[in-house]
There are 2 protein chains.
Amino acid sequence: MTTAEGRRAARSSTPTLHDVARAAGVSLATASRVLNGSERKVADSFRERVEQAADELGYTANISAQSIARGTSPVIALLVADIADPFFGLIASGVARGADERGLVVTIAITERDPERENRILRALRGQRPQGVILAASRSEDGGQESPDELAAFSSLGARTVTFGPGGDRGVQIDNHGGAERLGREMAARGYRTAIVLGASEGVRTSDDRLAGFSAGFESGGGDVVRTYRGGFAREDGAESMTVALADGVEPGTLVFALSDVVAVGAMTAIRDAGRTVGSDIAVCGFDDVPVSRDVTPQLTTVRVPLSELGYQAFRATVDAEWEQPEADLEVVVRGSTPGID
Amino acid sequence: MTTAEGRRAARSSTPTLHDVARAAGVSLATASRVLNGSERKVADSFRERVEQAADELGYTANISAQSIARGTSPVIALLVADIADPFFGLIASGVARGADERGLVVTIAITERDPERENRILRALRGQRPQGVILAASRSEDGGQESPDELAAFSSLGARTVTFGPGGDRGVQIDNHGGAERLGREMAARGYRTAIVLGASEGVRTSDDRLAGFSAGFESGGGDVVRTYRGGFAREDGAESMTVALADGVEPGTLVFALSDVVAVGAMTAIRDAGRTVGSDIAVCGFDDVPVSRDVTPQLTTVRVPLSELGYQAFRATVDAEWEQPEADLEVVVRGSTPGID
DNA sequence: ATGAAAGCGCTAACAT
DNA sequence: ATGTTAGCGCTTTCAT
């Protein structure tokens, strides 16, 4: 009976609109009108009484009830692969900022980059009847063909789906190819001729684009990508890949391009652990410009991605009727980890 | 009319339990029983038909409707100061993991360490009638007297409030004093005799405890905390405080204790920028052991706080009838940033 | 074991 | 301008 009891307790102690109306001596409708957004006019005397009653009782509208009565709920669902990863943390902060501005609630779920899990979550999320869904989850499968059905289900439910990369009703695009190309070109200009790439993940759009872009840029500048190592997205994966790479042999003057800063940071550790030096001996560059890239020594050369702003844009994309992503080139940020050759 | 239209559209396209029941040729009650957790027995033949109908229609229960009918909603509200800060990101990941295990939804809100904002959010959150509220928001005011009313409102509403630090129905405790004391003692044992502290924030419980603990430990080992610098919780605040400290003069062999790793990392940058050396010249230690502490060079000596696990505990605390925080001492992790003296 | 029906808290026609 | 009332989608007594 705990449940029933608890329910009764919760209910009995929470004033309803009905209570407020009665206390104010007005009808339910009037109370609703003054308390919740309606445009309808209510005489000041009534308005006051209702407001006072609501205040005294400590009334707060039950969102669930409103949602079902209105047929729409004030929630935005956000799916991220890993909220502890700064990449997603920054995106989430942008989303949260936007939602706050509009008085919407953000619901968050972690996919762990597992498509199956992602679909499960998406399915469960449907029950919330959110106004929008933001998928920043699938660095491991964007462009993949797993969740279109689940996503479509949302659209037909009236919720806008926004994805980082392709797939949803709207997409927030990150010019991975362009940014990486510029980085490659810049690195070639700084004298690097040999590069190896870390963190490649076949079929992951982001990964493929960054790799292709970098190769194009680096080669156009006379450089050569000699090897590519697959690996995950975590710091440890970067260290692991780098260790393997070192075992394979890495000449001084080689440039290591890690497909994300987090991976780059892991690689730097591995380089150091192997008794080599980051910078003058082995150069390293990453992608994203998450805060940690400025904390390492030497600081990491990377491509700045305005993650928080993109999160904000993703939010706007879910709620605004008209929306277009502001164009902005990804900027290369050269720091100490790529001192240049000669 | 957009609203009305949209609503109609959303509604008409989403199958309700009613639709399922009709399609399966059973009553609403039966459909409800098979689809949603009820213990009641339903004949297999009926069960099958209902399940099939639900499947074909792509039915998903409307959580809002269930919430209002049941009088309880499956949501846990999480308040954090800044989701992009690894400290909170890790806590959030633990909370999310727990919620996922129990099929609960996590709602997230950002307080920006602003008590006023926090209260506003808390108030709005009430409308969700969450089962629990986790407050990991107030590093800037735990122990303060701002939100007790809002928190109390939740309790009387049937939601359990869990805070990091004191204040809620239950609290997840971090032994800041003990950990810092051990750190101080250890540092003294490594030969440090002079320390300055960065990131102190008067009235912030966490800050006060860490400062007091460290002082006690360090002094008991023969050391002396000579100066304390106030400052915020961000990397930049650490850099700033450290710059001021350097201007005041910092002798070689001094130990800098930053009240959090993030601040410590900022301090390290400032030290370097000033042409000094972290480690042999000026030693640095922090608190929390967030990932970045292992990425910097030299790696940062700190006190390990199992943030993600604590987030998980906080979740358990909100939902479990019986709960007790597992005791575990905070462990000092000595790394390169405090090589020791002599 | 199944179904009818009375809510849950709120909104929005539709009267008045 | 205010009130009446019929839902919204679902759960749960209470009959059968």
Salt bridge (Lys or Arg N to Asp or Glu O under 4.0 Å) partners for [X], two or more places apart:
X        : value
A:Asp320 : A:Arg102, A:Arg316
B:Arg129 : none
A:Arg117 : A:Glu112, B:Asp100

**Message:** Which is more 5' along DNA chain C, the nucleotide nearest A:Ala65 or the one nearest B:Ser27? Just name the residue.
**Reply:**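 Final value for this comparison: B:Ser27.
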**Message:** Taking the nucleotide of DNA chain C with the nearest heavy atom to each, does B:Arg129 or B:Gly25 sit closer to the 5' end?
**Reply:**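 Residue closer to the 5' terminus by nearest nucleotide: B:Gly25.
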Are any protein N/O atoms closer than 3.5 Å to N/O atoms in nucleotides 14-16 of chain D? If there are, list each pair with its distance.
none

Counting heavy atoms from C-beta on, name the nucleotide in [options] closest to the side chain of [X].
X       : options              : answer
A:Thr30 : D:dC10, D:dT2, C:dT2 : D:dT2
B:Asn36 : C:dA1, D:dG9, D:dC10 : D:dC10
B:Ala29 : C:dG3, D:dC10, C:dA1 : C:dG3
B:Val26 : C:dC10, D:dT2, C:dG3 : C:dG3
B:Asn62 : D:dG9, D:dT12, C:dG3 : D:dG9

**Message:** Is it the case that over 12 heavy atoms from other parts of the model lie below 6.0 angstrom from the CD atom of B:Glu116?
**Reply:**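 At most 12 heavy atoms, drawn from other residues, nucleotides or ligands, come within 6.0 Å of this atom.
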**Request:** Apply side chain to side chain donor-acceptor pair (under 3.5 Å) to A:Thr163 and list each qualifying residue two or more places apart in sequence or on a separate chain.
**Result:**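 A:Thr163: no side chain to side chain donor-acceptor pair (under 3.5 Å) contacts found.
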**Prompt:** Is the closest basic N to carboxylate O distance between A:Arg126 and A:Glu150 below 4.0 Å?
**Reply:**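 Salt bridge flag = yes for A:Glu150 with A:Arg126.
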**Message:** Check this one for me: any side-chain N or O of A:Gln66 less than 4.0 Å away from OP1 or OP2 of C:dT11?
**Reply:**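 For C:dT11, OP1/OP2 do have a side-chain N/O of A:Gln66 under 4.0 Å.
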**Request:** Report the end-to-end axis angle of the helix from C:dA1-D:dT16 to C:dT16-D:dA1; each axis comes from five terminal pairs, and the value is rounded to 10°.
**Result:**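 The value is 40°.
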**Asked** Just checking, is any N or O donor in the side chain of A:Gln52 or A:Glu56 under 3.5 Å from an acceptor N or O on the other one?
**Response**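 There is such a pair (donor and acceptor under 3.5 Å, judged by atom type) between the side chains of A:Gln52 and A:Glu56.
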